[in-house]
Amino acid sequence: MFDKILIANRGEVAVRIIRTARRMGIKTVVVFSEADRDSLAVDMADESVFIGPAPASESYLVIDKIVAAARETGAQAIHPGFGFLSEKAEFADRLLAEKITFIGPNPGAIRAMGDKIESKKAAQAAGVSCVPGFIGEIEGVAHAVQISEEIGYPVMIKASAGGGGKGIRVAFNRKDVEEGFPAVRAEAKGAFGDDRIFIEKFVTAPRHIEIQVLGDKHGNVVHLFERECSIQRRNQKVIEEAPSPLLDEKTRNAMGEQAVALAKAVSYDSAGTVEFVASGADKSFYFLEMNTRLQVEHPVTEEITGLDLVEQMIRSAAGEKLNFKQKDLKIKGWAIESRIYAEDPYRNFLPSIGRLRAYRPPAEGEFGDITIRNETGVREGDEISMFYDPMIAKLVTHGPDRLSAIDAQAAALDQFLIDGIADNIPFLGAVMEEKDFRKGGFTTAYIKEKFPEGFTGAAATEAQKKLLIAVAGFARAFTAKRAAQTSGQMAQSGDRRDWVVILDKSHHDVEIDLDEKGAAVLIDFKKYRLDTLARPRARA
């Protein structure tokens, strides 16, 4: 096992890796740019090395600087996290040449799966179900139209080297192809330096489902079930869960077997993810791509399996065998993850930067049969920079079933306080209460369909209305009791129990009985309980 590893990343994933390494007794080194000099990851690591200016192209993406930092500190291995150099085969090649262990898959697997066209060829050879489409060089617009009409509309036009939601268009007719093909090719050339395009069938009622795989250097590969990642905005995931509300056991096993077959075909030896598009109509599924790295949403898989994926990656890189088999793995409960971003949902999710004047996440830990986990790389007072991804945190809740996990997520989002910048918590909370999401009946078009004019807030549910009425009544009774304790006030004015609360022009009779833990509340002759830490006290 390694004595010291270097983390070639920043933010919450760097903190995440440090926590596992610390538990394993492994010392850590983090590299940092000028923007991250005072970051949480730098404070937590045993050592840190400055690698340059804030832009990633001058720091986190410079292989020579990362290798030099490992040499300087004596780190035996490097974990790339996700993003940056995590899926760069040339980085893994360089570390191999430098005799520094790469905590990730071998370069051959990265290279085989890094190109969308070549990965589909490998998937077909491994017997994995692939979306009907054209894999090969497309000569131009006329050729693209011909291919699209042979496949049948709608089709998806995608950049071969694409990622992060870039280089994708859906075409519903000939005109869409004529306009979309050159646009995607230009975007691919500008963003990735590679203008190769492929065209495939667009699946009806699509769901984005991915299978987590895990391999070692001895040929053993297992899958850790699926994650549902269909709640997306501009092809970027926003909310993830495990397992998927769509899959039955038969479909889950079939997808898992195909993912393992593909991983074995490329000698995969670390944590990775095989992504599928599944039809919500008939549960048919097709291979999309393989991500040869740790996924942002890996915590939901950890919660339902009890495994630490970062630990498993480290152990695999060190040459250890997996100490469990497929038959040993079971799904335990349900997990939901919300990505909390520095962006304003009321202004078309415009990015927000600045200082976190307040950052107070909900308490983490086990609360009965509910687990709350917050993955973050920031603290109160830190600055959200313009140079990197605007994700502030990943809030994860786990419960015995899907609705309990969703309800716990909604409650935890309500408790999350962020001030100083805009955040998307109001939007995430609205999704948790929305009926189709709660039923599990959604597609990758969910956000576009539910919020066609953008997010403008959500109507209060009946439960939320009752809570608002109870809080209003409690606040008025609380204020009256405090006022009665003021010198010169009539004592009996603080004993009033009956109030009227007006909400949306409707009058509600409310009876409030204050006590040390909150209040017993009667709303329109129905009993409720409001617990709060606040209670009237005598003035000093």
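A69 is linked by a side chain to side chain contact (heavy atoms under 4.5 Å, CB included) to L6, V31, V49, counting only residues two or more places apart in sequence or in another chain. Partners of E47 according to the side chain to side chain donor-acceptor pair (under 3.5 Å) rule, which considers only residues two or more places apart in sequence or in another chain, are K4. Remark: K217 engages D269 in a side chain to side chain donor-acceptor pair (under 3.5 Å) (not counting sequence neighbours). Remark: K120 pairs with E200 by the salt bridge (Lys or Arg N to Asp or Glu O under 4.0 Å) rule, at least two apart or across chains. Among residues two or more places apart in sequence or in another chain, the side chain to side chain contact (heavy atoms under 4.5 Å, CB included) test is passed with E98 by V67, R71, R94, I100. Take E241 and apply the side chain to side chain donor-acceptor pair (under 3.5 Å) test, not counting sequence neighbours, and it matches W334, R402. By the side chain to side chain contact (heavy atoms under 4.5 Å, CB included) test, A410 pairs with M432, E433, sequence neighbours left out. For A318, the side chain to side chain contact (heavy atoms under 4.5 Å, CB included) partners are M1, F2, not counting sequence neighbours. For N424, the side chain to side chain donor-acceptor pair (under 3.5 Å) test picks out no residue, with sequence neighbours left out.
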Candidate pair K394 and E302, rule salt bridge (Lys or Arg N to Asp or Glu O under 4.0 Å), full reasoning: CA-CA 14 Å; K394 301 179 310 195; E302 293 182 327; over 6 Å; no
Stepwise, does the salt bridge (Lys or Arg N to Asp or Glu O under 4.0 Å) test hold for D407 with R438? CA-CA 9 Å; D407 288 340; R438 293 178 69 86; 2.9 Å; yes
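Every pair passing salt bridge (Lys or Arg N to Asp or Glu O under 4.0 Å) that includes a residue from residues 73-92 is listed here, sequence neighbours excluded: E87-R293. Screening residues 100-130 for ring pair (Phe, Tyr, Trp, His ring centres under 6.0 Å) gives F91-F102 as the qualifying pairs, with residues at least two apart or on separate chains. Within the structure, the salt bridge (Lys or Arg N to Asp or Glu O under 4.0 Å) test picks out the following pairs touching residues 100-114 (sequence neighbours left out): D93-R111.
For N374 and T376, the side-chain atoms include no donor-acceptor pair closer than 3.5 Å. A donor-acceptor contact closer than 3.5 angstrom is absent between the side chains of E303 and T371. In summary, the side chains of T251 and D248 do present a donor paired with an acceptor at a separation below 3.5 Å, with no hydrogens or angles considered.
Ring geometry for Y60 versus F84: interplanar angle under 30°, hence parallel rather than tilted (30 to 60°). Under the 30°/60° scheme for interplanar angles, the aromatic rings of F437 and F442 are found to lie parallel.
In this structure, Y341 has its ring center at least 6.0 angstrom away from the ring center of F349.
Ion pairing between a basic and an acidic side chain is recognised when a charged N comes within 4.0 Å of a carboxylate O; R10 and D389 show no such pairing. Under the 4.0 Å criterion applied to side-chain N and carboxylate O atoms, E275 and K237 are assigned as salt-bridge partners.
Side chain of S270 to backbone of M313: no donor-acceptor contact under 3.5 angstrom is found. Here the side chain of S279 pairs no donor or acceptor atom with the backbone of A205 at under 3.5 angstrom. The closest donor-acceptor contact from the side chain of D216 to the backbone of S316 lies at 3.5 Å or more, if one exists at all. In this structure, Q76 contributes its side chain and D3 its backbone to a donor-acceptor pair below 3.5 Å. Between the side chain of N106 and the backbone N or O of S267, at least one donor-acceptor pair lies under 3.5 Å. Listed for the D36 side chain is no donor-acceptor partner under 3.5 Å among the backbone atoms of S33. The backbone N or O of H223 sits less than 3.5 Å from a side-chain atom of Q326, completing a donor-acceptor pair. A donor-acceptor pair under 3.5 Å is absent between the side-chain atoms of H79 and the main chain of G104, judged by distance alone. The main-chain N or O of M44 is found under 3.5 Å from a side-chain atom of R22 such that the two form a donor-acceptor pair.
Put simply, CZ on R360 and CZ on F416 are 12.0 Å apart, with the number rounded to the nearest 0.5 Å. Taken to the nearest 0.5 Å, the NZ atom of K27 stands 16.0 Å off from the CE atom of M24. Here S148 contributes atom OG and K201 contributes atom NZ; the two are 10.5 Å apart, rounded to the nearest 0.5 Å. Atom-to-atom distance recorded for D194:CG and R196:CZ is 4.5 Å, nearest 0.5 angstrom.
Each of I372, I304, I370 was evaluated against H398; a single residue qualifies, I304, per the side-chain contact (heavy atoms from CB on, under 4.5 Å) test. Screening E210, E337, H208, E240 for a side-chain hydrogen bond (donor to acceptor under 3.5 Å, both in side chains) with R227, the sole residue that qualifies is E210.
For the pair R379 and Y359, the cation does not sit on the ring face, since its NZ or CZ is not both under 6.0 Å from the ring centre and inside 45° of the axis.
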